[in-house]
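Reckoned from all heavy atoms, side chains included, excluding hydrogens, waters and symmetry mates.
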Amino acid sequence: MIIPNTFYRYIREYFAPMQSLIGVPFMIGGGAVSDLVAFGHVLKDYDLYFRNYEDMDTFELRITELGYKLISETDLGRQYELSNTRFDIITWHVKTPEDFIKTFDFTVNAIMLDGTILYHAETTIEDCMYKRLRPVRTLNEQYGYRIKRYIEKGYRVDIDSTLLDISFNRHVLNEVETARIIGVDLSRY
């Protein structure tokens with residue numbers, strides 16, 4: 001088990017080179033950070049969120065100069081890849097990282113690094129370490145496929161969780177409270 005001080009230092013050191021590369025304000029969140037906690041490395045890609053299109057464009061110029069190739073584009077953003085490293089870049093107009101995290105589905109991916117501040121749901125680190133799947137907010141049947149994907153990765157769902165109902169396409173009657181979001185200044189570690 002990783003103790004919090006070690007964990008926070010590990011997160012800071014892991015993402016410091018990326019912050020130097022990017023050079024403009026951004027947030028990294030979701031799976032990249034939670035995979036680092038749960039599995040010790042990033043499994044799939046880096047989701048980078050920029051506050052505006054200008055910062056996103058600056059980053060795109062830098063990574064294309066390094067050889068990254070555009071592999072897909074949507075209304076929300078673009079995906080670049082080089083070797084086995086993939087960046088999903090998005091500009092997302094949110095007031096704060098805390099507000100953004102509340103739109104995530106599960107506590108295990110409700111985590112964002114904004115500069116040196118790591119924002120996460122209060123139980124995110126523990127849930128990642130023990131691979132426990134809990135909702136951040138009320139979810140419905142459409143999230144069943146994501147629940148199954150997490151279970152395939154090794155996560156578990158508590159027996160009394162509404163997520164079991166969702167994974168079997170049963171309507172959820174009880175509302176789930178929004179997870180409490182906390183911020184930790186990684187520069188202290």
Side-chain angles (χ1 to χ4, degrees), residues 14-15 17-38 41-115 117-121 124 128 133-153 155 163 166-167 169 171-172 175-176 178-179 181 183:
Y14 185 91
F15 289 110
M18 186 177 293
Q19 290 176 324
S20 297
L21 166 72
I22 292 172
V24 293
F26 74 99
M27 295 183 288
I28 184 166
V33 185
S34 62
D35 284 351
L36 194 59
V37 178
H41 63 281
V42 176
L43 297 180
K44 186 180 169 193
D45 56 36
Y46 296 88
D47 295 333
L48 304 178
Y49 303 92
F50 294 89
R51 290 181 177 89
N52 56 57
Y53 288 108
E54 293 79 20
D55 289 346
M56 191 169 93
D57 291 343
T58 299
F59 176 66
E60 283 184 281
L61 285 172
R62 288 191 176 138
I63 62 173
T64 55
E65 289 171 356
L66 293 172
Y68 281 81
K69 302 291 182 209
L70 178 67
I71 59 172
S72 70
E73 187 169 5
T74 67
D75 292 342
L76 294 176
R78 295 179 275 285
Q79 188 175 70
Y80 285 86
E81 185 175 42
L82 178 65
S83 300
N84 290 328
T85 302
R86 194 178 304 162
F87 289 116
D88 291 342
I89 60 173
I90 302 161
T91 182
W92 204 288
H93 302 286
V94 293
K95 293 178 184 163
T96 65
E98 297 97 325
D99 291 337
F100 195 24
I101 288 174
K102 290 177 184 177
T103 67
F104 285 34
D105 44 15
F106 306 113
T107 56
V108 294
N109 64 3
I111 188 165
M112 295 197 84
L113 180 61
D114 185 11
I117 308 295
L118 184 70
Y119 295 93
H120 57 83
T124 295
C128 286
L133 201 58
R134 290 198 255 190
V136 170
R137 57 188 166 79
T138 300
L139 302 173
N140 59 34
E141 295 84 7
Q142 76 180 16
Y143 287 90
Y145 81 96
R146 287 195 35 92
I147 295 167
K148 290 172 186 166
R149 279 186 28 211
Y150 273 96
I151 289 171
E152 288 170 2
K153 282 174 63 174
Y155 287 87
L163 296 180
I166 293 170
S167 65
N169 293 324
H171 182 68
V172 176
E175 292 285 313
V176 175
T178 301
I181 308 302

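Annotation: the span from R78 atom CZ to I71 atom CD1 amounts to 13.5 Å, rounded to 0.5 Å. Taking CG of L163 as the reference point, atom OH of Y143 lies at 11.5 Å (rounded to 0.5 Å). Rounding to the nearest 0.5 Å places CG of D35 at 9.5 Å from OH of Y46. With rounding to the nearest 0.5 angstrom, the CD1 atom of I63 is 11.5 Å from the OG1 atom of T58. Of the inter-residue distances, the one linking D47 atom CG with M112 atom CE reads 8.5 Å to the nearest 0.5 angstrom. To the nearest 0.5 angstrom, Y155 atom OH is 5.0 Å from S34 atom OG.
Tested against M27 for a side-chain contact (heavy atoms from CB on, under 4.5 Å), the candidates L113, I90, I117, D114 yield a single pass: D114. Between D105 and the options R146, R134, R137, a salt bridge (charged side-chain N to carboxylate O under 4.0 Å, His left out) holds for only R146. Of the listed residues (F26, F59, Y80), just one forms a ring pair (Phe, Tyr, Trp, His ring centres under 6.0 Å) with F87, and that residue is F59.
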For a side-chain contact (heavy atoms from CB on, under 4.5 Å) check, start with the C-alpha distance between F50 and I22, then their side-chain angles and the critical distance, and finish with the verdict.
CA-CA 11 Å; F50 294 89; I22 292 172; 4.0 Å; yes
Under the side-chain contact (heavy atoms from CB on, under 4.5 Å) criterion, do L48 and M18 qualify, and how do the steps go?
CA-CA 11 Å; L48 304 178; M18 186 177 293; 4.0 Å; yes
Between Y49 and F100, does a ring pair (Phe, Tyr, Trp, His ring centres under 6.0 Å) hold up when you go through it step by step?
CA-CA 10 Å; Y49 303 92; F100 195 24; 4.7 Å; yes
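Residue G23 comes nearest to R62 through the heavy atom pair CA-NH1, 3.3 Å, listed as atom of the first residue, atom of the second, then distance. When all heavy atoms of V108 and C128 are compared, the pair lying nearest together is O-SG, 3.4 Å. The nearest pair of heavy atoms linking F104 to V136 is O-CB, 3.5 Å.
T103 contributes no side-chain N or O that, together with a main-chain N or O of D99, makes up a donor-acceptor pair within less than 3.5 Å. With hydrogens and angles ignored, the 3.5 Å screen pairs a side-chain donor or acceptor of N52 with a backbone N or O of D55. Between the T107 side chain and the T124 main chain, no donor and acceptor come within less than 3.5 Å of each other. Checking side-chain atoms of E98 against main-chain N and O of Y119 turns up no donor-acceptor pair under 3.5 Å.
By the side chain to side chain donor-acceptor pair (under 3.5 Å) test, D45 pairs with no residue at all, sequence neighbours left out.
In this structure, K148 fails the cation-pi test against Y145, since its NZ or CZ atom is not both closer than 6.0 Å to the six-membered ring centre and inside 45 degrees of the ring normal.
Between K44 and D88 there is no salt bridge, since none of the side-chain N atoms of the basic residue sits less than 4.0 Å from a carboxylate O of the acidic one.
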